[in-house]
There are 2 protein chains.
Amino acid sequence: MSENRWAPPPVLLAVDLVILTLRDSRLHVLLVERGVEPYRGALALPGGFLNNPGESLEQAAHRELSEEAGLDAARLHLEQISAYGDPDRDPRGRIISVAYLAIAPGLPEPAPGTDAADAHWVPVEEILHRRLTLAFDHVDIIADGVERARVKLEHTALATAFCETPFTIAELQRVYEAVWGVRLDPRNFYRKVQGVPGFIVATGSSRRTARGRPARLFRAGSRTLLNPPIVRPGRPETGEDS
Amino acid sequence: MSENRWAPPPVLLAVDLVILTLRDSRLHVLLVERGVEPYRGALALPGGFLNNPGESLEQAAHRELSEEAGLDAARLHLEQISAYGDPDRDPRGRIISVAYLAIAPGLPEPAPGTDAADAHWVPVEEILHRRLTLAFDHVDIIADGVERARVKLEHTALATAFCETPFTIAELQRVYEAVWGVRLDPRNFYRKVQGVPGFIVATGSSRRTARGRPARLFRAGSRTLLNPPIVRPGRPETGEDS
DNA sequence: GCAAAAGTGTTCATCTTACACCCATGA
DNA sequence: TCATGGGTGTAAGATGAACACTTTTGC
């Protein structure tokens, strides 16, 4: 920290949320339609300014989670992605945004009549591949959040945050497939996840499905770090140099 | 973002730097002795307030890097770690700090007489294991930065940022050993790093050492993402659950 | 020649992958 | 009994750890 005789210019600080969930086996992010300028009418991440003098960044994220998305903040994964501070990222002036990644089990379309009435689940693929235009730098923030989720699926028990408790191994597999955008062999996946000590724990009961043999039910284990990791199928080699 | 009729309270924004390097085969971080309250006389990370209205967070980090550490910002690894915003992290008031991780090849002790005269390289181990007392929440920030470096050594070419160009494979191995705190088999390491396409490229020449066969010299390749990864030796299993 | 560090070959255990096969259910 | 998804066995190939061994230097 430098000397404090000179007063540094204050900035505004916002918290934005990348809320991911699985709907119909596809990865979705929650976006809200902006009611005010700038970017009025455009889709944006839910979020808001840090407004309580005593609240931490994480507490602000929890508050926005319930205010803007109507989500019970308790019992849901929340972690910081990054801070975004380009001088021209917001036309209103110098606004630094701290983005958080939240992950929730499949949720219904936000109910009309609430604060979250103008919120919608949008497939991540539409934003990242079709480059749907969003407000501010929110496409970049979503890309960073999704990449974070992709990486953490390998080494942490993050995938269970996408599932209701209890869940089947097939449901867990759909999480990996949707987030990574790959197909996995169900037989090998079955053994692989069971081979990680502490990852998932059998509840003892089963669940009947539309057809086929009933699936055993599991809940998340106490272990948050996975070893051995659940490795992502290797992307194709792109040989360069020697 | 919420409505803008009500003005949110401004906060002060600081940028702090976790500058890592290898000295004598041990991981060190650069710390400065604080000349002003609070924490006068204590060791702290180099950093300062965001003071130029038009500068991005990353530009501010580069500026602090040259002002406080006397480092030519160009050509050195710099990435954001996280934002830290606990309400009571700074006794002066509400100050949010965005921390950056910088990695540099072995550098001399900062020269007296410069802005960086009160800066010192401190072994990371002393801070993390002996829990040396630092100003603010800087121990946590260093822990996060070191953990980031540890993880990224596996999947990215970050290790080359610790080395001068050109470097030997043994030097690269010392980076992995110091950051991970492990011993690696030189023969297997030798082949492993050469087996990752694009990671390191032979320059064609060699360097004589004090004794022993001269080592081939390499420079960083164009590939930043490593596959296959350089895997960290498995930490011991801690069996829980089933 | 000897010590030391660089670099190579080889073996054995383990992990991954692919896929044949069996199990339990609804229709 | 058939179709379907859940779950098990297993063999071939790839990977990784351990370590014997060769190469090239300074002394």
Side-chain angles (χ1 to χ4, degrees), chain A residues 24-25 153-155 163 166-178 180 182-197 199-219 226-237 239 242, chain B residues 25 153-155 163 166-177 180 182-197 199-219 226-237 239 242:
Chain A
D24 197 26
S25 296
L153 281 196
E154 295 196 85
H155 304 282
C163 298
F167 52 85
T168 69
I169 290 189
E171 285 166 358
L172 195 63
Q173 181 179 343
R174 265 172 237 127
V175 172
Y176 279 89
E177 292 184 330
W180 284 347
V182 299
R183 301 286 298 174
L184 301 173
D185 183 305
R187 288 114 23 156
N188 292 334
F189 183 83
Y190 186 91
R191 265 172 310 200
K192 195 177 260 185
V193 293
Q194 294 227 58
V196 184
F199 183 14
I200 57 173
V201 187
T203 64
S205 44
S206 305
R207 172 193 296 162
R208 292 158 243 327
T209 59
R211 54 179 172 280
R213 174 175 173 173
R216 298 169 65 194
L217 291 172
F218 296 82
R219 59 173 178 78
L226 267 36
N227 77 329
I230 308 292
V231 286
R232 180 162 24 164
R235 274 79 70 223
E237 303 269 332
S242 73
Chain B
S25 297
L153 281 195
E154 293 197 87
H155 305 282
C163 298
F167 51 86
T168 69
I169 290 188
E171 285 166 359
L172 195 62
Q173 180 180 344
R174 265 171 237 129
V175 173
Y176 279 90
E177 292 184 330
W180 284 347
V182 298
R183 300 285 299 175
L184 301 173
D185 183 303
R187 287 110 29 156
N188 291 334
F189 183 83
Y190 185 91
R191 264 171 311 199
K192 195 178 260 187
V193 295
Q194 293 228 60
V196 183
F199 183 14
I200 57 173
V201 188
T203 63
S205 44
S206 305
R207 172 194 296 163
R208 289 160 245 324
T209 58
R211 55 177 172 279
R213 174 173 172 173
R216 297 168 65 194
L217 291 172
F218 296 83
R219 58 172 179 80
L226 268 34
N227 78 327
I230 308 291
V231 287
R232 181 162 24 165
R235 274 80 71 224
E237 303 270 331
S242 74

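Below, read A as the first sequence line, B as the second, and so on, with proteins coming before strands; counting in each chain starts at 1.
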- Is there a donor and acceptor pair closer than 3.5 Å between the side chain of A:Arg208 and the base of D:dG5? no
- Message: Strictly below 4.0 Å: does A:Lys192 bring a side-chain N or O up to OP1 or OP2 of C:dC15?
- Response: no
- Mind calculating the distance between CG (B:Leu184) and P (D:dA17) to the nearest angstrom? 9 Å
- Message: In whole Å, I'd like the distance from the CD atom of A:Gln173 to the P atom of D:dG5.
- Response: 12 Å
- Taken to the nearest whole Å, CZ/A:Arg183 to C1'/C:dA18 is 16 Å
- Task: Report, as yes or no, whether the 6.0 Å neighbourhood of atom CZ on B:Arg207 holds more than 12 heavy atoms from other residues, nucleotides or ligands.
- Result: yes
- Query: Rounded to the nearest 0.5 Å, how far apart are CZ of B:Arg232 and CG of B:Leu184?
  - Reply: 11.5 Å
- From the list C:dT25, D:dT25, C:dA6, which nucleotide is the closest neighbour of the side chain of A:Pro214? C:dT25
- Item | Nearest-Å distance for atom pair CZ/C1', residues A:Arg207 and D:dG5 | 14 Å
- Query: For DNA chain D, whose closest nucleotide is more 5', that of B:Thr209 or that of B:Pro229?
  - Reply: B:Pro229
- Query: Looking at A:Arg187, A:Lys192, A:Gln194, which hits side-chain contact (heavy atoms from CB on, under 4.5 Å) with A:Tyr190?
  - Reply: A:Gln194
- Quick note, A:Arg216 side chain, CB onward, closest among D:dA18, D:dG7, D:dG5 is D:dG7
- Just how far is it from atom CZ of A:Phe218 to atom CD1 of A:Ile169, taken to the nearest 0.5 Å? 4.0 Å
- Task: Examine the base of C:dG9 for any acceptor or donor lying under 3.5 Å from a partner atom in the side chain of B:Arg191, and report the outcome as yes or no.
- Result: yes
- Note on the structure: A:Ile169 atom CD1 is separated from D:dT8 atom C1', nearest whole Å, by 13 Å
- From the options D:dG16, C:dG7, C:dA6, select the nucleotide whose nearest atom is closest to the side chain of B:Arg187. C:dG7
- Nucleotide C:dT14, atom P - distance to CG of A:Asn227 in whole Å: 16 Å
- Note on the structure: Testing D:dG6, C:dA18, D:dT8 for proximity to the side chain of A:Asn188, the answer is C:dA18
- Item | Atom-pair distance (CG on A:Leu217; C1' on D:dG6), nearest Å | 12 Å
- Which nucleotide in D:dC19, C:dT17, D:dG26 has an atom nearest any side-chain atom of B:Arg211: D:dG26
- Query: Taking CZ from B:Arg213 and C1' from D:dC21, how many angstroms apart are they, rounded to a whole number?
  - Reply: 13 Å
- Item | Nearest-0.5 Å distance that lies between atom CG in A:Asn227 and atom CZ in A:Phe199 | 12.5 Å
- Counting side-chain heavy atoms from C-beta on, which of D:dT8, C:dT8, C:dA6 comes nearest to A:Tyr190? D:dT8
